[in-house]
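The block underneath contains the structure these notes are about, expressed in structure tokens.
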Amino acid sequence: MSSINDNYLSLEQRYLFVEVASRVAAFCQKNPSAEIIRMGIGDVTQPIAPAVAQAMHKAVEDCCHSETFHGYGPEPGYDFLREAIVANDYAGLGIKASEIFVSDGAKSDTGNIGDIFSADNVIGITDPVYPVYVDTNTMAGRRIVFIPCNRENGFTGDIPEERLDIVYLCYPNNPTGAVITKEKLKAWVDYALRNNSIIFYDAAYEAFIRDPKIPHSIYEIEGAKRCAIEFRSFSKTAGFTGIRCAFTVVPEELTALSADGREISLNQLWDRRQSCKFNGASYISQRGAEAVYSPEGKIQVKAVIDGYLQTASLIRESLEKAGLNPIGGENSPYIWAQTPGGMPSWDFFDLLLNKTGVVITPGAGFGQGGEGYFRVTAFNTKARSLEAMEKLTELVKSL
Ligand code: MLT
């Protein structure tokens with residue numbers, strides 16, 4: 001008989017958002033007339049920007065004519081998009097188009113990147129954390145060291161004493177909504193350079209940063225090109241959760257060791273991996289992503305994010321009034337708050353769902369460090385979000 005990858009047996013039975021969805025589905029089945037307000041998974045609700053829609057319509061039209069038809073594209077992405085990314089997101093930071101790898105999502109890239117690293121690497125993961133980093137490294141059988149993130153360290157983790165081969169950082173953070181200062185990010189980069197470690201920097205929420213002092217990219221820090229891979233996504237930036245388009249930056253000077261001690265280019269290795277296992281994001285989604293950088297696209301996309309940020313601010317205010325000590329929601333679509341009376345977070349999730357129909361994400365789903373907390377997303381409409389906060393506040397008062 002064939003055998004399985006036993007590492008899968010160490011995973012939680014279900015992926016976090018599948019568990020959340022299945023509890024909501026069970027509730028809906030029992031209460032078919034109940035009204036649900038979804039503030040759990042970070043899925044956008046506003047339509048794509050008109051400039052993006054127009055570019056995608058045009059791309060569909062291109063594919064309807066033999067002269068402009070597009071079949072397989074280049075695996076790392078079309079030059080038109082790679083160049084637009086460099087010119088707009090990395091102006092002045094010395095990143096080249098050959099260092100941009102367009103993909104179908106930051107979730108898949110942050111998981112798949114492990115393919116080019118040995119299973120012996122020890123992985124540093126901030127806790128609480130986006131569960132994909134933990135699950136994919138568990139699947140590969142890697143040892144994980146958790147770096148506690150709490151109020152004392154601004155939810156940005158203390159720089160470890162020990163050497164870790166790879167550290168995942170995500171800012172603005174999912175789930176806590178915390179941001180990282182340039183000074184703190186520099187401390188992480190210095191740690192990585194000192195220890196020959198690599199940082200996987202997930203910047204999927206950078207478009208929500210409004211504070212000019214907060215870095216958008218790890219490459220704003222001197223030396224980061226020698227120690228960091230950055231992940232970005234159009235999902236939350238431009239409403240692409242269903243359309244799918246993202247990219248990963250692997251600098252050409254970034255290397256890691258082979259078993260026989262040679263320094264190997266990670267850019268070449270990732271290119272090799274992607275060209276074998278991935279056929280590229282669709283021409284249509286890449287044309288849509290390119291339009292995010294057009295003058296109209298920029299204005300339209302920013303307006304949508306501004307709307308989500310206004311909702312985030314109202315949610316934070318309500319949670320503050322309810323005495324739940326929220327953080328985040330200022331440069332992020334996520335607000336992180338304490339459960340009432342320190343209630344276990346899945347208990348609070350179930351209680352809130354059953355009493356009010358409001359769906360949040362329990363902190364424990366993001367790791368041990370999330371116990372006693374819950375996450376609210378600002379992606380629902382302002383009106384629905386306010387209604388949800390009223391219901392939540394009433395429930396908290398009744399406890
Ligand atoms: C979340 O809710 O944490 C996100 O939607 C996850 C993701 O983007 O995959």
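Because the structure is predicted, anything quoted here is derived from the model rather than measured. Order of appearance sets the numbers: ligands from 1, and atoms from 1 within every ligand.
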Tell me whether the guanidinium CZ or amine NZ of Arg316 lies under 6.0 angstrom from the six-membered ring centre of Trp336 and within 45° of its axis. no

Note: ligand 1 atoms sitting under 4.0 Å from heavy atoms of Asn174 are 1 (C), 3 (O)

Report, in ascending order of atom number, the atoms of ligand 1 lying under 4.0 Å from any heavy atom of Ile41. 2 (O), 5 (O)

Check the angle between the aromatic planes of Phe247 and Tyr90 and answer parallel, tilted or perpendicular using the 30° and 60° thresholds. perpendicular

Should you measure from each heavy atom of Tyr334, which atoms of ligand 1 turn up under 4.0 Å away? 1 (C), 2 (O), 3 (O), 4 (C)

Numbered atoms and elements of ligand 1 in range of Phe17, under 4.0 angstrom, heavy atoms: 1 (C), 2 (O), 3 (O)

Selection from Tyr205, Tyr130, Phe366 by shortest heavy-atom distance to atom 9 (O) of ligand 1: Tyr130

Going by distance alone, is a donor N or O of one side chain under 3.5 Å from an acceptor N or O of the other, for Thr156 and Lys184? yes

For Lys236, atoms of ligand 1 separated by under 4.0 Å from a heavy atom: 4 (C), 5 (O), 7 (C), 8 (O)

Does a side chain donor of either Gln338 or Asn325 reach within less than 3.5 Å of an acceptor in the other side chain? yes

Can you confirm if the NZ or CZ of Arg287 lies within 45° of the ring axis of Phe80 and under 6.0 Å from the centre of its six-membered ring? yes

